[in-house]
2 protein chains.
Amino acid sequence: MKYRAATIKDIAQALGLSTSTVSRALRDSHEISAATKQLVLEHAASLNYHPNPIALSLKEKKSRSIGVIVSEIANSFFSQTINGIESVANEKGYTVIISQSHESFEKEVRTLQYLASRSIDGLLISVSSATKDLTHLKALHQYGFPIVFFDRIIEDIATHKVMVDNFQGAYNATMHLLQQGYRRIACITNSAHLSITRERVAGYIAALEKHGIHPQPALIKYCFHGGMLLPEVTDAVNQLIKLKTKPDAIFATSDKLTTGCMRALKKAKVAIPGGMALTGFSNSDLIELLHAPITVVRQPAFEMGQVATELLLQLIESKRPVKEFETRVLQSELLIPPR
Amino acid sequence: MKYRAATIKDIAQALGLSTSTVSRALRDSHEISAATKQLVLEHAASLNYHPNPIALSLKEKKSRSIGVIVSEIANSFFSQTINGIESVANEKGYTVIISQSHESFEKEVRTLQYLASRSIDGLLISVSSATKDLTHLKALHQYGFPIVFFDRIIEDIATHKVMVDNFQGAYNATMHLLQQGYRRIACITNSAHLSITRERVAGYIAALEKHGIHPQPALIKYCFHGGMLLPEVTDAVNQLIKLKTKPDAIFATSDKLTTGCMRALKKAKVAIPGGMALTGFSNSDLIELLHAPITVVRQPAFEMGQVATELLLQLIESKRPVKEFETRVLQSELLIPPR
DNA sequence: GATTTTTCCGGGAACGATTGCGTAAATAAA
DNA sequence: TTTATTTACGCAATCGTTCCCGGAAAAATC
């Protein structure tokens, strides 16, 4: 005995009315008498009637759902961002469909096509570290499809963007190492073509130069998979360790990279910060429980999710095509462990 | 210039055919000539035609989407489970809609109603630690709505269930503490009415008794919010510490509780394992980087997600009402840090 | 050549809801 | 009383798709 949800037709039949009357009564139209409205409302309640969102979607040509693509939900930064996204989306009656690219370009493209075919009304995306080719995003964008970039921005595509002040965050972290006396500071970072990589490396370099130190290319290691593959990070760290003039500190530009470095250093039996100091971007809430108390750059992830969603909904619900786009830059925070 | 997706009608018009013919051609019906099929297929491809899933949903009375309710996605165990869920759902063409209860009963009920109103085809749920009243779930279940429980099971409701051998996991962990010589072992656990709480506490007690130790109620602390609220855990730990005969080890029955204990012990300046040994359930991948190398019970989260989803899809796609239900019990693993 | 069968395709209803338009009855204005 | 206006409701189209029928033309059979 399969459950069949009550429809407007059921109500109409039971009350001897037409479906249009019932529909209008439920929407509290002025052209329905108070008595009829009363009747309809009561019967709808008794049947536990709820309008079928699918039928509505078909009619309205919108699904009231938004897609989110991140590299990984098992990543504190992204799961916190998603919480922010859900908080505003749900309040506005939107469903959030989350997908993961796992830092793979192919997965990102597939997942995007899938979401598009599920007729989402808009997209929130932090591109994968492997994404260089942008045709999949540009195609969608050209159709006027609402997209908001967060965290990992695509500069080429004109739409709303939300990120932290990556330059400043990296600058502060590097400066903090410098102030503690470290001078040979290496940088382990993400794919070179990501916006966050460029900006964070720039901040790192600026801090070094501020201290009159020339940045050395050999000390900057790019990890194409963004730390998704541990060996990539381990190799980078090992290369640094084996340098004739070994660095005395590492600045890692992402969550996965920071913990990856820690793993690699532990494996190589290098003490932190004795053998090598470490600092980096991280939103993990376990940072304070790690064996070495490290300083981290923390992003306002929840807020970033909220802001991005607000901008997206604005785009979606706008009557006319939006021409002016915002780029919101939030501030990060430097968390220094108590000593 | 808003984008309008190509429809079957566009193809029909362009080719001078009827929509029924086009529809059949696309579905490779035998009553359409090879020539026409060819024509339609080519034109569909050139228009980048994709059937509108919303129209299909309306017709088929199914949305090809499943809902997932967990307490928190920012929890390694659940995010790993979700990865497992997505892997099989996506492969079968289903969308996964993830919602969080944040261990709140009200949020769980609201979220469930919301999902139901979005006409999902089935539900995967690990109930919140605050859930005692089951009417919301029972109502849905009575309508024949497909539900699969995972991790935190509801015994009362007859449907498929997936979990780990909680008793054995807890038994092994406690036994491991006993083998290391600890004798006064406390247990910090979740809400008393959760299935995982009952089973894990039972395993803990069985191990103690195996060693001829009488379990003491004062050493078992229940956290109603499952560690979602840190003070709850801190209080429990502090009470244990202040006992006349202080315990020498703590067994924590969940991820949040294990790290919560670690925080509390750190705050109270109790060394691990010197002042207090600690072991517990955890799927965090940062365990090996923590300041105290603790032994943890690790659950096959990914696999659990896969199995649960397979069972759910089986329920959803079954022609006749399913009467026989399975309870799959997976094995956990005891991760002992190298010394 | 006449009949039957097959092949191939179109018409139209249905899924659940909204909405523009038409209209009968009730009321108000003339 | 007649005309104009309002009130309160129904009809039917629409969204994109599938699928049950029905039927013309072609092919096969007698």
Side-chain angles (χ1 to χ4, degrees), chain A residues 2-41 43-45 47-65 93 116-121 143, chain B residues 2-45 47-65 93 116-121:
Chain A
K2 186 70 183 174
Y3 172 61
R4 219 192 97 259
T7 73
I8 234 175
K9 209 183 282 179
D10 297 331
I11 305 179
Q13 235 153 31
L15 265 43
L17 293 169
S18 76
T19 57
S20 15
T21 304
V22 174
S23 171
R24 273 185 271 253
L26 290 170
R27 317 204 116 238
D28 201 29
S29 157
H30 64 275
E31 33 181 348
I32 301 298
S33 73
T36 309
K37 275 183 193 170
Q38 169 85 352
L39 216 65
V40 170
L41 252 33
H43 199 255
L47 255 51
N48 190 28
Y49 169 81
H50 286 283
N52 181 327
I54 296 187
L56 281 178
S57 293
L58 184 57
K59 188 112 232 296
E60 308 292 330
K61 286 171 168 276
K62 55 178 66 165
S63 61
R64 287 191 83 77
S65 66
S117 86
R118 294 294 305 190
S119 49
I120 53 171
D121 294 343
Y143 283 140
Chain B
K2 187 73 182 171
Y3 172 60
R4 221 193 94 258
T7 73
I8 236 173
K9 209 183 282 179
D10 298 331
I11 304 179
Q13 236 153 30
L15 265 45
L17 293 170
S18 76
T19 58
S20 14
T21 303
V22 174
S23 171
R24 272 184 273 252
L26 291 170
R27 317 204 117 240
D28 202 27
S29 157
H30 64 274
E31 32 182 348
I32 302 296
S33 72
T36 309
K37 276 183 192 169
Q38 169 86 352
L39 217 63
V40 170
L41 253 32
E42 276 174 6
H43 199 255
L47 257 50
N48 192 26
Y49 169 81
H50 286 283
N52 181 326
I54 297 187
L56 280 178
S57 294
L58 183 59
K59 193 109 234 293
E60 308 292 330
K61 285 170 169 277
K62 57 177 65 163
S63 61
R64 287 191 84 79
S65 67
S117 86
R118 295 293 305 192
S119 49
I120 52 170
D121 294 343

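In what follows, chains carry the letters A, B, and so on, assigned in the order in which the sequence lines appear, proteins first and then strands, with residues in each chain numbered from 1.
For a distance-only test at 3.5 Å, the side chain of A/Lys59 qualifies as a donor-acceptor partner of the base of C/dT18.
Counting only distance, with no hydrogens or angles, the side chain of A/Ser63 and the backbone of A/Ser119 share a donor-acceptor pair below 3.5 Å.
Crowding of B/Lys37 atom NZ: a count of heavy atoms from other residues, nucleotides or ligands under 6.0 Å exceeding 12.
Going from atom CG of B/Leu56 over to atom P of C/dG16 covers 15 Å, rounded to whole Å. In this structure, B/Leu15 places its CG atom 13 Å from C1' of C/dC9, rounding to the nearest Å. Between the P atom of D/dC19 and the CD1 atom of B/Ile8 lies a distance of 11 Å, rounded to the nearest Å. Atom CG of A/Leu26 is separated from atom C1' of C/dT18 by 12 Å (rounded to the nearest Å). One interatomic measurement links the two molecules: CD1 of A/Ile32 to P of C/dT19, which rounds to 13 Å at whole-angstrom precision. In this entry the distance linking CG of B/Asp10 with P of D/dG16 reads 8 Å, nearest Å. To the nearest angstrom, C1' of D/dT14 lies 15 Å from CD1 of B/Ile54.
When heavy atoms are screened at a 4.0 angstrom cut-off, B/Leu58 is found touching base atoms of the nucleic acid. A/Ser57 comes within contact range of no nucleotide atom at all, as no heavy-atom separation falls under 4.0 Å.
For D/dT14, neither phosphate oxygen OP1 nor OP2 lies less than 4.0 angstrom from any side-chain nitrogen or oxygen of B/Lys9. The phosphate of C/dG16 has OP1 or OP2 within less than 4.0 Å of a side-chain N or O from B/Lys61.
Annotation: of the two residues near DNA chain C, A/Asn52 and B/Leu17, the 5′-most nearest-nucleotide partner is B/Leu17. Toward the 5' end of DNA chain D, the nearer of the two residues B/Pro51 and B/Glu31, judged by each one's closest nucleotide, is B/Pro51. The nearest heavy atom of DNA chain C to B/Ser33 and to B/Ala55 marks one nucleotide each, and the one closer to the 5' end goes with B/Ser33.
The structure places CG of B/Asn52 at 10.0 Å from CZ of A/Arg118, a figure rounded to the nearest 0.5 Å.
The only option from A/Ile32, A/Leu26, A/Leu15, A/Ile11 that meets the side chain to side chain contact (heavy atoms under 4.5 Å, CB included) definition with A/Thr21 turns out to be A/Ile32.
The stretch residues 18-25 of chain B comes close to DNA chain C through B/Ser18, B/Ser20, B/Thr21, B/Arg24, each having a heavy atom under 4.0 Å from the strand.
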